[in-house]
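Heavy-atom basis, side chains included; hydrogens, waters and symmetry copies ignored. When a ligand or atom number is given, it counts from 1 through the structure's own listing order.
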Amino acid sequence: MNNRVPIVGVIVVAAGSGTRLGADRPKAFVDLAGRSVLERSLSSVFGMQREAQVVVVAPADLVTEAETIAHHAAGAAASSVSVVAGGASRQQSVALGLAALREAVRIVLVHDAARALTPATVFDAVVTGVAQTASGIVPGVPVQDTVKRVDEEDTVVETVDRSELRSIQTPQGFPRAALDAAYADAALEYTDDAALFAANGHTVSVIDGHQASFKITTPWDLRRAEGMLSAVSGQAGIRTGIGTDVHAYDDDSELWLAGLRWPGERGLSGHSDGDPVSHAITDALLSAAGLGDIGSVFGTSDPRFAGAHGEVFLAATRSRLEAEGFVVGNVAVQIIGNSPRFSPRRQEAEALLTGLLGAPVSISATTTDGLGFTGRGEGVCAIATATVSRQYS
Ligand code: CTP
Ligand code: MG
């Protein structure tokens, strides 16, 4: 806990009804890939570098629900967030949010909850802009389409020079005292806070916005946001891992390799069954999930694993990953050694390990042309890679 009082305040307006979205609940409370639109917006707000007082403006009958969402999103910063009831227009909702700011706040950002995927870096850039210029700062992006002015009959009057145009987003940032004064003076309804601020005689500058900051307005926008989130989890959510294991040949042991018993083949020594394939896979999976390695998780001296076969390690590793919210994507292993000849039992081994892990396992084998310890026939090496991903939460 610290006693510093934030000088930045963020008002997140979420009190609209979402008429154009047409969902069965107000827009900020609609589900967006497993979390509400409001929670996703607040995750960005709490990702800001600077500490901020956060005021959520919610529909009067959803203040309690908004509080639950806000405290969940805020985590350790929960003491800096509050919820107030909104008004009949966006402008009234912002005014009610402004009234809830602490006295120490000097820079105010106003953000539409409906811009659920705005990156936290945009918030930071707006704060910096206001601090440096003491004017209004709004994020904007170039207009992509050709823009035409039309008359009442939809006849084109002119083509507007789009190089002069920007699509303006939120968060919009302002010096607090000037914004308070502008709100106190406002006699008209404006479509954004920057227009109200400029009408009061202040300067507003545009900084780079972000394509992800689009406002969720229609069902089409909601699907676009859902698509972006699944693309993000499909890439950034995948983690890779690597594992290697080596065992020396031992004529007194029977051979266990890739979960199979190999009668008549030269065995490998080891505390467990000496199967380098299972051990390399275990290490690769634990490494992908960031959960340590076979020694730290299972303990090489643990009597439960003395003589244990690969399936014991692999089943235990899979449960451990799943308990942490991971699913196995795939596993690839290469065996390096002179014997056994692996290819006749490749399919059998792949089917067994694929079944144990619930994900595709592919195995290849190679020799090293007589070079190194594997080439001299001293032992067998296995190198495994694995991918895991966190299940969507
Ligand atoms: N907003 C608000 N209070 C209002 C109206 C709007 O806090 N009385 C908020 C919305 O919740 C939204 C943001 O202002 O986060 C931008 O408004 P908009 O996208 O128009 O949302 P809605 O008004 O909810 O949607 P619609 O106009 O389709 O009804
Ligand atoms: Mg509206």
Nearest neighbour of atom 5 (C) of ligand 1 from the list Gly16, Ala88, Gly87, on a heavy-atom basis: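 That would be Gly16.
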
Donor-acceptor check, side chain of [X] to backbone of [Y], threshold 3.5 angstrom: yes or no?
X: Gln91; Y: Tyr190; value: yes
X: Arg40; Y: Ala33; value: yes
X: Arg115; Y: Ser213; value: yes
X: Gln169; Y: His210; value: yes
X: Lys27; Y: Gly16; value: no

Distance to 0.1 Å, residue and atom name: give those for the protein heavy atom nearest to [atom].
atom: atom 27 (O) of ligand 1; value: Arg20 NH2, 2.9 Å
atom: atom 13 (C) of ligand 1; value: Asp112 OD1, 3.3 Å
atom: atom 9 (C) of ligand 1; value: Val13 O, 3.7 Å
atom: atom 26 (P) of ligand 1; value: Thr19 N, 3.4 Å

May I ask you to check whether over 12 heavy atoms, not counting those of [X], lie within 6.0 Å of atom [atom1]?
X: Asp369; atom1: CG; value: no
X: Asp208; atom1: CG; value: no
X: Gln347; atom1: CD; value: no
X: Gln49; atom1: CD; value: no

With heavy atoms only and a cut-off of under 4.0 Å, state how [X] meets ligand 1: side chain, backbone, both or neither.
X: Lys27; result: side chain
X: Pro26; result: neither
X: Ala28; result: neither
X: Gln92; result: neither

Side chains of Leu314 and Thr282 in contact at under 4.5 Å (non-hydrogen atoms):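 Yes, at least one pair of side-chain atoms sits under 4.5 Å.
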
Using a 4.0 Å cut-off to any heavy atom of [X], which atoms of ligand 1 qualify?
X: Ser93; value: 2 (C), 3 (N), 4 (C), 7 (O), 8 (N)
X: Ser89; value: 3 (N), 4 (C), 8 (N)
X: Ala114; value: 15 (O)
X: Ser17; value: 24 (O), 29 (O)

Would you say [X] and ligand 1 have an N/O pair spaced under 3.5 Å apart?
X: Lys215; result: yes
X: Ala15; result: yes
X: Gly18; result: yes
X: Ile216; result: no

Contact check, Gly86 vs ligand 1, heavy-atom distance below 4.0 Å: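 Heavy atoms of Gly86 never come under 4.0 Å of ligand 1.
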
Centroid-centroid under 6.0 Å between Phe123 and His111 rings: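 Yes; His111 has its ring centre under 6.0 Å from that of Phe123.
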
